[in-house]
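Chain A is the first sequence line, chain B the second, and so forth, proteins listed ahead of strands; every chain is numbered from 1. Only heavy atoms go into these numbers, but all of them, side chains included; no hydrogens, no water, no symmetry mates.
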Number of protein chains: 2
Amino acid sequence: MLQYQPLDVAFQALSDPGRRAMVERLSQGPASVSELARPLPMTLSAVVQHLQVLEAAGLVKSQKVGRVRTCSLEIGAIARIEGWIAERRRFWDQQYDQLEAYLAETAPQEPDR
Amino acid sequence: MLQYQPLDVAFQALSDPGRRAMVERLSQGPASVSELARPLPMTLSAVVQHLQVLEAAGLVKSQKVGRVRTCSLEIGAIARIEGWIAERRRFWDQQYDQLEAYLAETAPQEPDR
DNA sequence: TAAACACTTAAGTCAATGCTACAGTATCAG
DNA sequence: CTGATACTGTAGCATTGACTTAAGTGTTTA
């Protein structure tokens, strides 16, 4: 009974420069598949496949009206990554603070010159 | 002339649950290779390989004293990811604010009902 | 109705990943 | 000096990933 791990797919999705470029574009507002593809050096087919990865990761959502699919950013997955990073930083900062406190306590004489 | 892309390797490194577990451990303080390996369901060899990925991504640094290699977190790579994410969120929030402003302007009559 | 558009799907190729097993190489402890 | 520790390095192998080409499927436009 495997548990679905959102962070795995989200980080994986963002590891590709082409997919990050799409997310960068979408962070400024919705776009069609062709618009996303235009600046990228690959076939439309490849772009569609990248888009599927982004959607599976929950980073992007899309809906089709007529023959145009409009894509937009899903902030939820971004927020989960933000959360994980923030937790790491919290522990790291805490550890750093403890080091500082330790140094202040063991050598409170004076800063070295 | 290819440019080295730190975000690619950093995101890629964090997409693996085992490697994330190591980073989680290291965010609480330094650890030896064996300590990192203990909770993980894989051989020490595999752990060393994951560690190489993390070091190449700039997420972890290590030094060997005697026969023990001690690993610790490098906050720099984490900070670069934080920066990229923060930028996306900034654009997204801005876009959201504009939508709110637009709605407030076009329908300032009253909330529905 | 015919052509152009905007995707969509399916194969197939080739490189990169995530392991394991196995064989080392330096320490360190007695 | 001998054995246990703590890694290290290399093959080999199965899987996954990032494309491409080629052949569709609905929608609009002329």
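The phosphate of C/dA4 has neither OP1 nor OP2 within less than 4.0 Å of any side-chain N or O from A/R67. Dashed line: the shortest gap from a side-chain N or O of A/H50 to OP1 or OP2 of D/dC19 is under 4.0 Å. For B/K64 and D/dT8, the shortest distance from a side-chain N or O to OP1 or OP2 is below 4.0 Å. Listed pair B/T43 / C/dT20 meets the phosphate criterion, a side-chain N or O lying under 4.0 Å from OP1 or OP2.
For the pair A/L36 CG and C/dA6 P, the computed distance is 14 Å after rounding to whole Å. Atom-to-atom, CG of A/L44 to C1' of C/dT8 comes out at 9 Å; the value is rounded to the nearest Å. One atom, CZ of A/F11, and another, C1' of C/dT17, lie 18 Å apart when rounded to the nearest Å. Residue A/E35 contributes atom CD, which lies 16 Å from atom P of C/dC5 at whole-angstrom precision. Atom-to-atom, CD of B/Q49 to C1' of D/dA11 comes out at 11 Å; the value is rounded to the nearest Å. In this structure, B/D8 atom CG and C/dA16 atom P are separated by 14 Å, rounded to whole Å. At whole-Å resolution of the value, CD in B/Q12 and C1' in D/dA18 are 12 Å apart. Spacing between atom CD of B/Q63 and atom P of D/dC7 amounts to 13 Å, rounded to whole angstrom units.
In terms of heavy atoms, A/R20 sits closest to A/L14 at NH1-O, 2.8 Å.
When each of A/M42 and A/V65 is assigned the nucleotide of DNA chain D with its nearest heavy atom, A/M42 is the one assigned upstream, toward the 5' end. Comparing A/S15 and B/Q52 by the nucleotide of DNA chain D whose heavy atom lies nearest to each, the residue mapping closer to the 5' end is B/Q52.
Taking 4.5 Å as the limit, some side-chain heavy atom of A/K61 sits within range of a side-chain heavy atom of A/S72. A heavy-atom distance below 4.5 Å is not found between the side chains of A/Q63 and A/P30.
Between D/dT8, C/dA10, C/dC19, one nucleotide has an atom nearer to the side chain of A/S45 than all others, and that is C/dA10. Residue B/S34 has its side chain nearest to D/dC7 when only D/dC19, C/dG18, D/dC7 are considered. Among the nucleotides D/dC19, C/dT8, D/dT8, the one closest to the side chain of B/V48 is D/dT8.
Of the residues listed (A/R80, A/E82, A/R88), the one engaging A/W84 in a side chain to side chain contact (heavy atoms under 4.5 Å, CB included) is A/R88, and it is the only one.
Using a 4.0 Å heavy-atom cutoff across all strands shown, A/S32 reaches sugar-phosphate atoms only and no base atom.
Side-chain atoms of A/S62 and A/E55 form a donor-acceptor pair, as typed in the model, at a separation below 3.5 Å.
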